[in-house]
Amino acid sequence: MTETAKQIKKLKEEKDVLILAHYYVDAEVQKVADCVGDSYYLSEKAVEAKEKAILFCGVSFMGESAKILNPEKLVLMPDVEADCPMAHMAAGEKIEKIRAEYEDLAVVCYINSTAELKRHSDVCVTSSNAMKIVSSLPNKNILFIPDENLGRYIASKLPEKNFIFNDGYCYVHKEITKEDVLAAKKRWPEAEVLAHPECTMAVLEEADYIGSTSGIIARAGESRAEEFIVCTETGVFYELQKNNPDKVFHPAKEQQICEGMKKITLEKVLRTLESMDQTVEMDEAARAKAQKPLTRMLELAK
Ligand code: 13P
Ligand code: SF4
């Protein structure tokens with residue numbers, strides 16, 4: 001363990017801080033975390049937290065969601081500028097305009113969204129629970145925001161619903177093309193293709209398995225394949241390799257890097273624990289409105 005990692009472990013005990021980390025942050029950050037997981041798992045951990053504070057190693061919508069769900073808790077972010085561009089790719093005005101056009105519209109909001117977008121929504125979802133939640137809604141008409149790719153993937157499985165899409169996307173997943181996957185398949189013909197549903201439909205059509213980061217990790221463990229082509233951010237390779245030392249994992253293309261997630265460094269984690277001052281702050285009325293769709297997600301996902 002590095003000196004910085006040792007100091008982090010000591011300080012988090014002394015100050016009673018729970019460190020949560022997403023699979024996309026660097027391996028050295030994942031190693032000092034108490035819990036590492038996908039967005040759904042981490043939102044559950046944020047609600048259950050008994051510690052005095054939560055230090056969220058991820059992008060801003062993650063820290064914000066932890067604060068929305070657990071307002072009494074001090075929520076810290078190692079870098080307040082670590083952001084997810086997709087979280088901003090919808091507009092409240094447009095949502096309300098579409099809402100007025102349909103009688104039974106449900107606005108389904110991917111958790112990768114700002115608190116402002118959540119406030120305009122009926123229920124939140126993550127990639128691991130979207131199918132279950134959307135299929136359980138009584139509404140026929142679904143406005144899915146902000147991610148078009150996840151929306152289209154869920155819609156392809158639920159033909160009984162009428163989906164309205166929004167043109168948001170994750171640049172990390174969108175930049176993985178069908179041609180990249182076909183070239184990787186040619187290079188490693190025995191490999192199983194694992195893809196995150198933020199990828200385009202053209203890529204998903206080439207996949208053997210489609211799921212959230214934790215779904216991809218579980219599948220790699222269960223599969224009899226020995227080699228995999230992975231279509232998601234390369235942060236997951238740490239857990240994949242740790243759990244499956246004898247299996248081989250290839251990224252579908254060279255650069256599958258989320259800049260926001262990579263802003264979280266061990267040094268910043270230590271600095272935040274020392275200062276305890278990079279807190280997530282929200283107006284209470286706005287927070288309460290954004291809490292409703294998140295709480296509904298946790299209920300429906302059970
Ligand atoms: P999951 O970890 O829920 O699969 O989400 C992926 C993601 O893009 C997080 O930003
Ligand atoms: Fe956002 Fe994509 Fe980064 Fe996930 S990987 S945080 S969706 S930019």
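One-based numbering, in listed order, for ligands and for the atoms of each.
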Legend entry - Residue C170, metal atom 2 (Fe) of ligand 2, N/O/S under 2.8 Å: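 So C170 does bind atom 2 (Fe) of ligand 2 by this criterion.
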
Within the 4.0 Å heavy-atom shell around [X], which atoms of ligand 1 are there?
X	value
H196	1 (P), 4 (O), 5 (O), 6 (C)
E198	6 (C), 7 (C), 8 (O)
S127	1 (P), 3 (O), 4 (O)
N112	7 (C), 8 (O), 9 (C), 10 (O)
S212	4 (O)

Inset, instruction - Provide, to 0.1 Å, the distance between atom 3 (Fe) of ligand 2 and the closest protein heavy atom, together with that atom's residue and name. - result: C258 SG, 2.4 Å

Legend entry - Top protein contact for atom 5 (S) of ligand 2, by heavy-atom distance: Y24 CE1, 3.6 Å

So, the side chain of [X] versus the backbone of [Y]: is there a donor-acceptor pair under 3.5 Å, distance only?
X	Y	result
N70	A46	yes
D38	T213	no
K12	D34	no

Legend entry - Residue portion contacting ligand 1 (non-hydrogen atoms closer than 4.0 Å) for T232: neither

Legend entry - Proximity of E233 to ligand 1 by residue part, where a heavy atom lies under 4.0 Å: neither

Legend entry - Whether E233 lies under 4.0 Å from ligand 2, heavy atom: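 No.
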
Inset, instruction - Would you check whether G260 reaches within less than 4.0 Å of ligand 2, judged by its heavy atoms? - result: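 Flag not set, G260 not near ligand 2.
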
Inset, instruction - Check whether any N or O atom of D38, backbone or side chain, sits under 3.5 Å from an N or O atom of ligand 1, and answer yes or no. - result: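 D38 vs ligand 1: no N/O contact under 3.5 Å.
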
Inset, instruction - Have a look at F61, Y24, Y41 and point out the one with the heavy atom closest to atom 7 (C) of ligand 1. - result: Y24

Inset, instruction - Please state whether the separation between atom 3 (Fe) of ligand 2 and some N/O/S atom of C84 is under 2.8 Å? - result: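 No - counting backbone and side chain alike, C84 has no N, O or S atom under 2.8 Å.
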
